[in-house]
K.L.:
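Take this structure first; my questions come after.
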Amino acid sequence: MTHADPTIPAPYEPSTVEPRWQQRWAERGTNAVDLDHTTRPFYSLMMFPYPSAEGLHVGNLFAFTGSDISARFHRLQGHQVFQPLGYDAFGIHSENYALKMGAHPMEMTPRNVSNFQRQLERAGLMIDWRYKVDTSRADYYKWTQWVFLQLYKQGLAYKKAGAVNWCPTDKTVLANEQVENGLCERCGTPVEQRFLEQWFFRISQYAERLLHNLDTLDWSDITKHAQRNWLGRSEGAELSFAIDEHSDYVRVFTTRADTIYGATYLVLAPEHPLVGTVTTAAQADAVRAYQDATKRQDLITRKSVKDKTGVFTGAHAINPATGAPIPIWIADYVLMEYGTGAIMAVPGHDERDFEFAQAFTLPIVRVVAGPDDRADTPLGDTAFTDDTGGRLVNSAQFDGLPVNEAKASVTAWLADGGHGTAVVNYRLHDWCISRQRYWGPPIPIIYCDACGTVPVPDSQLPVELPFLADFKPDDSGVSPLARDAAWYHVPCPACGAAARRETDVSDTFLDSSWYFLRYPSATRDDVPFDAARTRAWLPVDSYIGGNEHAVLHLLYSRFVTMVLHDAGHLDFEEPFTKFRAHGMIIREGAKMSKSKGNVINPDVYMEEWGADAFRMYLMFLGPYEEGGDFRDAGISGVRRFLDRLWSSVRDCSSDGVADAEVLRKLHRTIKKVGDDTARLSYNTAIAAMMEYLNAVRRGERNVHRDEVLPLVQLAAAYAPHLAEECWNTLGHDASVFDAGWPMFDPSMLLDDTVELVVQVNGKVRGKLNVAADITQDAAVTAALADANIAKFCVGEIRKVIFVPKRLLNIVVG
RNA sequence: GCGGACGUGGCGAAAUUGGUAGACGCACCAGCCUUAGGAGCUGGCGGGGCAACCUAUCCCGGUUCGAGUCCGGGCGUUCGCACCA
């Protein structure tokens, strides 16, 4: 930037300043880290984006900027910071968009990626781009397939035919986590039940560890809470009910073993394997009809229907406590996926059983009495479900026992009789990873008539995804890859006979479940992750992302990390030491969406206000972990601050000495900005910088160099381009990010005199400027010398509360 | 239905352990500068009152010398989970 007339001061012009520094960072390798030689490594990770064709979203930039500030701050604090970024480019999202546009994902994805890349570079993030990953490239998914094989070798990947969630629009299977209220989370279509052969990961085997380890993690509480909820630990008992005239038993899971005497019937899920065995000839037609009806039902109607339906099987089981025969029913309010797929119904003490018993006039027995009830108090029109205050009744030798004790006693008694055991049940299901789609990594398995299921040997990875001109999914229940015979016909790796590849691809969430391991080793094509680098840089020190991934990505990543740890590939079992969920940016109280026409295009704002101003505004509009409402008007305030910072630096002088009061304020500001930035309280850190700059400039005074120079360092993480420009203008050749964080002098934080608030009976009546170390007695004397305070001190002083340096409260009366 | 988070000026918000409620910013008002201002600078800005003061953090109650903050009850917003046995 040149100015013809040197007497006209140069204004702050982001459109020239920002590209200049971006270029200089690239030339000097400012953002590059030497991963192999490091003393204080800090791995700062942000959730990588799906490279949408629409380009970077403000939500992306909000998330990335928050992570970038944390990364730059740690660097200023003396860490070597590794902050990579890449693209989650595989998946249904990209594939659907390509279908819609009549494009092919293989040529569309690189285009989207390069557009994203351009926007990200414009935003000025401190990314080491040498370590970029792209999940849709063979050099990445080769190792995704390797991860699959690791699970397979551990016996944690298995193929099972079973009921799965099928989206008729996306024409693929969905994981349970991808179904919301019976609808496909992606397209909103009601999900159907289908019976298909699918690959699953045994994540349920890790449920206890996934739950237990949460206590050790420094994560947002809301995220931990969501995971605990999802894992759904439930303590109870598994009880066996003998079936009349059969050798089989019905196993049920219950959390209320104490109510066994009130179990008046059993219910099996319609698809329960015992249904066929126990159903009597007389009931066979009715049962089959009911099974067919529920099978056809999609999950949405099934879940919203409150009216209970069901059919009697004709069979009876024996209640192990009472010895009485009780009928066995089937009903769709019992879910095959949870517990054992069968329940003992206690209509007296469970809402659902009560409704069902009423609908089919089954016996309802009270076995728990509340504090005000007697054993024969009628239940009325609702079940008594309180499991804390009651005592057992009509329960033989357990009568009178409080419910909380009875749970254990009854379970123990039943166990003694061989009728059950105490168990812990989890809601978490195994992870279905098969997808009958095109745009994903082929599952590296080969089927051979002679050898059976054969894993692709590591040496034959990657199993490359072939170019398919027609990649449109169909209703067949198999992937479009099943149309490419030339691709799927392969010799068996074990015996050489003609064999056939698995044609399904894996879930996108498998791609992202290990990408953080890949970044530091993205330059290596001989290993998935280099041992030394992994040891030096992992686990991730700071992970920032959206809480919408609280149960999907974050749970899968933890699981895969544990598996790789157990296989001896990693020396840690939790991938993310610290995780913080950022908030969401909304606009006019609503999520941004194309249909509402309220989407912000970051390019436009960065163009008009500069990337620094835009970054800083996003961080200033609300608490980072809560997000906030985007309002155009707000940017000007932040931009004004940057303009003033620049002109203060441009016009400052090093003559004389800095103002002592201003310096005192500076040291307090250094401390506050540091503390606030460390805890992601970016909005208040920015406010503190603004407050300080206001103090520096108050009254159009001459600004001293020593007053603004440290402020440039404080602002660097927030407005990196401008900070570099200022730092350079102040005579430094090297980057401000190598200048370190300014030290504050703790002695400068303490004032000699303080303003002491004086209250009388808890109400503020005056303020005194007193020595910081004033004694209580001296403060009272000083306060009473103040006419206005003395005025309120009528009567005798009963009590004095003195908080040094803050407050004096005189209680009179 | 169960669980979490939240509720503060015209607006976005701050108040980290109970200690001056409203920092910082937007908008607005007044003034300065200017040929001009959608620029810059200075000051004001919860409500009432000339003032001393009074009043005020969703509502009601409690604990405390003192409550936006803690406790009990209610209302509202919002996000998870949801026939989970």
Side-chain angles (χ1 to χ4, degrees), chain A residues 11 180-182 220-230 232 234 236 252-256 259 267 302-308 331-335 337-346 349-353 355-356 385 425-428 547-548 550-551 584 589 617 620-623 625-626 628-638 640-641 643-644 647 672 675-676 679 681 683-694 697-700 755-767 788 791-792 798-803 805-813:
Chain A
E180 289 175 355
N181 295 323
S220 304
D221 284 339
I222 39 168
T223 313
K224 286 194 193 184
H225 191 263
Q227 290 217 346
R228 285 197 185 99
N229 230 340
W230 192 263
S234 181
V252 305
F253 173 72
T254 180
T255 55
R256 296 295 305 276
T259 61
V267 187
R302 183 170 151 181
K303 292 205 168 165
S304 59
V305 164
K306 279 284 165 196
D307 295 331
K308 296 287 181 286
D332 65 358
Y333 84 94
V334 173
L335 309 175
E337 312 91 78
Y338 186 74
T340 59
I343 61 157
M344 66 176 206
V346 185
H349 305 283
D350 181 278
E351 286 304 341
R352 299 151 298 179
D353 298 345
E355 285 170 22
F356 190 82
T385 56
N425 193 52
Y426 287 89
R427 211 178 69 102
L428 181 73
N547 210 43
E548 67 272 18
V551 287
M584 233 186 6
Y617 171 63
F620 189 56
L621 57 66
E625 292 177 66
E626 286 167 39
D629 208 303
F630 188 97
R631 289 166 67 247
D632 290 22
I635 304 182
S636 60
V638 165
R640 264 197 279 272
F641 166 73
D643 286 336
R644 278 189 277 227
S647 59
K672 177 153 178 66
D675 291 351
D676 286 0
R679 64 188 176 95
S681 182
N683 55 333
T684 56
I686 292 167
M689 290 188 272
M690 289 173 164
E691 198 178 340
Y692 173 67
L693 187 62
N694 288 345
R697 294 168 58 92
R698 184 138 303 148
E700 294 184 77
E755 189 183 68
L756 193 70
V757 172
V758 182
Q759 298 180 336
V760 179
N761 289 349
K763 285 189 187 277
V764 178
R765 296 302 179 186
K767 292 159 192 178
N788 195 48
K791 188 171 79 183
F792 289 94
R798 291 170 181 272
K799 193 172 177 182
V800 173
I801 286 102
F802 180 60
V803 183
K805 294 175 196 169
R806 278 186 175 270
L807 163 138
L808 179 72
N809 187 9
I810 301 169
V811 185
V812 299

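Order of the sequence lines sets the chain letters (A, B, ...), proteins ahead of strands, with each chain counted from 1.
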K.L.:
Could you check if the base of G74(B) is syn or anti? Syn means the glycosidic torsion is within 90 degrees of 0.
P.N.:
anti
K.L.:
Hey, which of these two, N761(A) or D353(A), hits RNA chain B nearer its 5' end, going by closest nucleotide?
P.N.:
N761(A)
K.L.:
Taking A345(A)'s backbone N and O only, do any of them form a donor-acceptor pair with D350(A)'s side chain (distance below 3.5 Å, no angle check)?
P.N.:
no
K.L.:
Using the C1' atom on both, measure G49(B) against U57(B) and round to a whole Å.
P.N.:
22 Å
K.L.:
As a test of reading the structure: which of A85(B), C53(B), G80(B) is closest to the side chain of A226(A), going by heavy atoms?
P.N.:
G80(B)
K.L.:
Would you measure the distance from the P atom in A85(B) across to the matching atom in A21(B) and give it in whole Å?
P.N.:
49 Å
K.L.:
Between G47(B) and G10(B), how far is it from one P atom to the other, in whole Å?
P.N.:
7 Å
K.L.:
Which whole-number value in Å describes the distance from E625(A) CD to C6(B) C1'?
P.N.:
14 Å
K.L.:
Roughly how far, to the nearest 0.5 Å, is the NZ atom of K308(A) from the CG atom of D332(A)?
P.N.:
8.5 Å
K.L.:
Going by purine N1 to pyrimidine N3 plus the second Watson-Crick contact, or the G-U wobble pair, all under 3.5 Å, which nucleotide sits opposite C6(B)?
P.N.:
G76(B)
K.L.:
In the 5'-to-3' direction, what one-character label does each nucleotide of nucleotides 19-30 of chain B receive under the scheme B = base within less than 4.0 Å of a protein heavy atom, S = sugar-phosphate only, - = no such atom?
P.N.:
BB--BBSSS---
K.L.:
Is C70(B) paired to anything, Watson-Crick or G-U wobble with both distances less than 3.5 Å, and if yes, which nucleotide?
P.N.:
G62(B)
K.L.:
For T385(A) and E351(A): C-alpha separation, side-chain torsions, deciding distance, then whether side-chain contact (heavy atoms from CB on, under 4.5 Å) applies.
P.N.:
CA-CA 7 Å; T385(A) 56; E351(A) 286 304 341; 4.3 Å; yes
K.L.:
Sequence neighbours excluded, which residues qualify as salt bridge (Lys or Arg N to Asp or Glu O under 4.0 Å) partners of R228(A)?
P.N.:
D215(A)
K.L.:
What integer number of Å spans the P atoms of G43(B) and A23(B)?
P.N.:
15 Å
K.L.:
Can you name the residues that form a salt bridge (Lys or Arg N to Asp or Glu O under 4.0 Å) with K224(A), not counting sequence neighbours?
P.N.:
none
K.L.:
Look only at the side chain of D353(A) and the backbone of V346(A), and say whether a donor-acceptor pair between them is shorter than 3.5 Å.
P.N.:
yes
K.L.:
Compare the minimum distances between each of G12(B), A85(B), C54(B) and the side chain of K763(A), then state the nucleotide with the smallest one.
P.N.:
C54(B)
K.L.:
For V758(A) and F792(A), run side-chain contact (heavy atoms from CB on, under 4.5 Å): C-alpha distance rounded to whole Å, both residues' side-chain angles, the deciding distance at 0.1 Å, then the answer.
P.N.:
CA-CA 11 Å; V758(A) 182; F792(A) 289 94; over 6 Å; no
K.L.:
In whole angstrom, give the distance that lies between atom CG of L428(A) and atom P of C81(B).
P.N.:
14 Å
K.L.:
Looking only at atom C1', what distance separates U42(B) and U34(B), rounded to whole Å?
P.N.:
16 Å
K.L.:
G3(B) P sits how many Å from R228(A) CZ, rounded?
P.N.:
16 Å
K.L.:
Report, as a single string ordered 5' to 3', how protein heavy atoms within less than 4.0 Å touch nucleotides 44-52 of chain B: B base, S sugar-phosphate only, - not at all.
P.N.:
--------S
K.L.:
In the structure shown, which nucleotide is the Watson-Crick or G-U wobble counterpart of A27(B), with both distances under 3.5 Å?
P.N.:
none
K.L.:
Provide, to the nearest angstrom, the distance between the CE atom belonging to M344(A) and the P atom belonging to C83(B).
P.N.:
20 Å
K.L.:
Grab the CD-P distance between E337(A) and A85(B) for me, whole Å please.
P.N.:
14 Å
K.L.:
Could you work out, with side-chain hydrogen bond (donor to acceptor under 3.5 Å, both in side chains) as the rule, every residue matching Y426(A), not counting sequence neighbours?
P.N.:
R233(A)
K.L.:
Checking base pairs now: Watson-Crick or wobble, both atom distances under 3.5 Å. What partners A15(B)?
P.N.:
none
K.L.:
Find the distance N229(A):CG to C79(B):C1' and express it as a whole number of Å.
P.N.:
12 Å
K.L.:
Would you call the rings of Y333(A) and F356(A) parallel, tilted or perpendicular, where under 30° means parallel and over 60° means perpendicular?
P.N.:
tilted
K.L.:
Take atom P in G12(B) and the same atom in C60(B), then report the distance between them in whole Å.
P.N.:
23 Å
K.L.:
Have a look at R697(A) and say if it touches a base, only the backbone sugar-phosphate, or nothing, with a 4.0 Å heavy-atom cut-off.
P.N.:
sugar-phosphate
K.L.:
R644(A): what forms a salt bridge (Lys or Arg N to Asp or Glu O under 4.0 Å) with it, not counting sequence neighbours?
P.N.:
none
K.L.:
When you match P623(A) and Y333(A) each to their closest nucleotide on RNA chain B, which lands nearer the 5' end?
P.N.:
P623(A)
K.L.:
Considering only atom P, compute the distance from G7(B) to U17(B) and round it to an integer number of Å.
P.N.:
15 Å
K.L.:
Does Y617(A) reach the main-chain N or O of F630(A) with its side chain, forming a donor-acceptor pair under 3.5 Å?
P.N.:
no
K.L.:
To the nearest angstrom, how far is I222(A) atom CD1 from G4(B) atom C1'?
P.N.:
9 Å
K.L.:
Nearest whole Å is fine: how far is C79(B) P from W230(A) CH2?
P.N.:
18 Å
K.L.:
Between C59(B) and C28(B), how far apart are the two P atoms, rounded to whole Å?
P.N.:
30 Å
K.L.:
Counting only Watson-Crick or G-U wobble pairs whose two distances fall under 3.5 Å, which nucleotide matches C50(B)?
P.N.:
none
